[in-house]
Amino acid sequence: MTPGPALRFDGTARIEGRALFGDIALDLAPGDWTCLLGVSGVGKTTILRVIAGLETGVDFAGQVAASDGAPVSDRVAYMAQQDLLLPWATVEDNVLLGARLRGEAPDRARAAALLADVGLAAHGQKKPFALSGGQRQRVALARTLMEDRSVILLDEPFSALDARTRAEMQELAYALLKGRTVLLVTHDPGEAARLGARIYVMTEGGAEAVAPPPSKAPRAVDDGEVLASQAALLQRLRAGP
Amino acid sequence: MRWLGGVVAAALALGIWQAIVSLTDVPRFILPSPALVFEAWVTNRALLAEHTLVTAIEIALGLLIGAGLGVLTALSLASSEFARVTVRPILVFTQALPVFALAPILTLWLGFGLGSKVAMAVLIIYFPVTSAFFDGLMRTPKGYLDLAQTMGAGKWQTLWRIRVPAALPSLGSGLRLAAVYAPIGAVIGEWVGASRGLGYLMLLANGRAKTDLMFAALFTLGLLSIVLYVAMNRLTIYWLGRHTPGG
């Protein structure tokens, strides 16, 4: 896989003439994690969907550009808070979904290897309902990796998980998505403080870059600087626009 | 336990029926007693079986063809904006016509044989199957479609791999409705013009004041419908069970 490019998002969004967000500019770190932190309803998901080329229901004026100049939306992989696993298909078939949907020959060996990477080697023939929430989200991660895209868009993929599973998933995803340009949309200051090489705080007033803790991600949850950053991010969120 | 409830309810209904006959002394050609109906049922079992077979074949063919056409229509409506704009109004308009009113015309065109009854059953189940399956196809969870789009999915692959499986429970509801409606279609067809079938036998028995035989035919038809519904229910749950969470 080629390393992820730097991405620049730049623009405004309006819903029926009313501004959803004003001029927002985000610079995504090439081959690393950028966290977009904000409360619900400020338009974080809209930004992510614009980058993914998905329908948003808003009038977006602006651009999404990659440092290498090539189009962005056909090299993204997308992972949401809902695992979006097809309930009628096995775990393996869910991981192979992309190939099937493009009419390509499924690479079973690679799917098995990725399932092993996420610790689910023995579960390939199970149906999603037989798995726990954390396991299902790991299948979704394997499915995302199977796409082998250089830009990864994560829409609060860990927010429905319990605290321990969430911490484990953050570390696993960080390790497996190495080298890709990742945009993580989150409302959890702790998550942004652990994972972001760059952190943006988005409020009704716009998006503002905030310096991440100096150490290298994924940072320890009990690291003093991470905790201080987490607190500062929360204060920044509460301060509002 | 559900079986027991059904048995108790049936026994209660038979008891009330018998009580009405005994207390009111109503003539047997108006309302025969359950015992008489049962007797007629046993005596005429060969006759009933012969006509049941005819009606059952009409229903089965009607279900097969009607469900097949319904599935194809729903698929084409779901995959083509053009079809939705052009075919759907026609479909709705045809449903505004009472299907029963078409029975004489179908008999005129297709004759007194199997064809007109099968056509009647097809007409009556076509819309519920089409409508249920089409609704399911149009209500694919949006997240699945977003995911498919980011994966660069083809339109037909998305239809076949995501939209159709996600709509199968809706198709199941349509097929269960069809199982209930199909016998109605077949019997209406037989009433308008036939020489065989349970509907024909009921008219015949009625004309000769053999009310007990008419009731026997009616119960046979009811039994056939229940068996059909239960079978369809089992079939759809078994077949579609794989496609629902927890199935």
Side-chain angles (χ1 to χ4, degrees), chain A residues 45-46 48-57 71-90 93-104 106 126-131 133 136 139-140 143-149 151-157 183, chain B residues 67 71 74-75 78-81 84 132-176 232-247:
Chain A
T45 295
T46 301
L48 190 136
R49 293 180 66 91
V50 166
I51 298 175
L54 293 171
E55 190 263 317
T56 56
V72 176
S73 65
D74 55 2
R75 52 176 155 161
V76 302
Y78 164 72
M79 188 171 160
Q81 182 181 344
Q82 307 82 28
D83 51 65
L84 297 178
L85 299 182
L86 303 178
W88 55 82
T90 62
D93 285 335
N94 267 290
V95 174
L96 291 168
L97 180 68
R100 294 252 166 73
L101 287 175
R102 289 185 296 272
E104 297 165 359
K126 286 186 183 166
K127 292 285 174 63
F129 68 83
L131 304 180
R136 292 168 61 105
V139 177
R143 182 188 61 200
T144 309
L145 289 163
M146 191 74 196
E147 292 304 288
D148 201 18
R149 303 293 177 90
V151 179
I152 309 289
L153 303 171
L154 304 177
D155 192 0
E156 301 186 11
L183 176 61
Chain B
V71 164
L75 284 174
S79 54
S80 156
E81 179 79 42
R84 280 201 288 284
F133 191 35
F134 173 69
D135 278 352
L137 287 169
M138 298 309 280
R139 276 201 315 255
T140 315
K142 199 168 170 346
Y144 293 162
L145 298 178
D146 288 343
L147 184 68
Q149 192 187 329
T150 61
M151 287 171 161
K155 179 182 165 184
W156 296 110
Q157 276 97 349
T158 306
L159 181 68
W160 180 242
R161 301 249 174 221
I162 295 179
R163 293 177 71 193
V164 167
L168 287 182
S170 304
L171 176 61
S173 320
L175 290 176
R176 284 192 289 275
M232 188 62 93
N233 200 26
R234 289 274 169 87
L235 197 71
T236 49
I237 287 171
Y238 171 77
W239 179 42
L240 309 172
R242 304 177 290 130
H243 298 282
T244 45

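Throughout, a chain's letter reflects where its sequence line sits, starting with A, and its residues are numbered from 1.
- Once rounded to the nearest 0.5 Å, the distance linking CZ of B/Arg161 with CG of A/Leu96 reads 10.0 Å.
- In this structure, B/Gln149 contributes its side chain and A/Gly53 its backbone to a donor-acceptor pair below 3.5 Å.
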For this session: Given side chain to side chain contact (heavy atoms under 4.5 Å, CB included), test B/Lys142 with A/Glu55 step by step and report yes or no.
Result: CA-CA 11 Å; B/Lys142 199 168 170 346; A/Glu55 190 263 317; 3.5 Å; yes

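- Distance check: B/Met151 CE to A/Glu147 CD gives 4.0 Å after rounding to the nearest 0.5 Å.
- Contacts of A/Arg49 with chain B are made by side-chain atoms alone, with heavy-atom separations under 4.5 Å and no backbone atom involved.
- Chain B forms more heavy-atom pairs under 4.5 Å with one residue of A/Asp74, A/Leu97, A/Asp93 than with any other, namely A/Leu97.
- Contact annotation for A/Leu85: only backbone heavy atoms (N, CA, C, O) come within less than 4.5 Å of a heavy atom of chain B.
- Neither the backbone nor the side chain of A/Gln82 comes within contact range of chain B; no heavy atoms are under 4.5 Å apart.
- Heavy atoms of B/Ile162 lying under 4.5 Å from chain A belong to its backbone as well as its side chain.
- Scanning both residues, B/Leu147 and A/Leu84, for their nearest heavy atoms gives CD2-O, 3.9 Å.
- Here the closest heavy-atom approach between residue A/Pro87 and residue B/Tyr144 is recorded as CD-OH, 3.2 Å.
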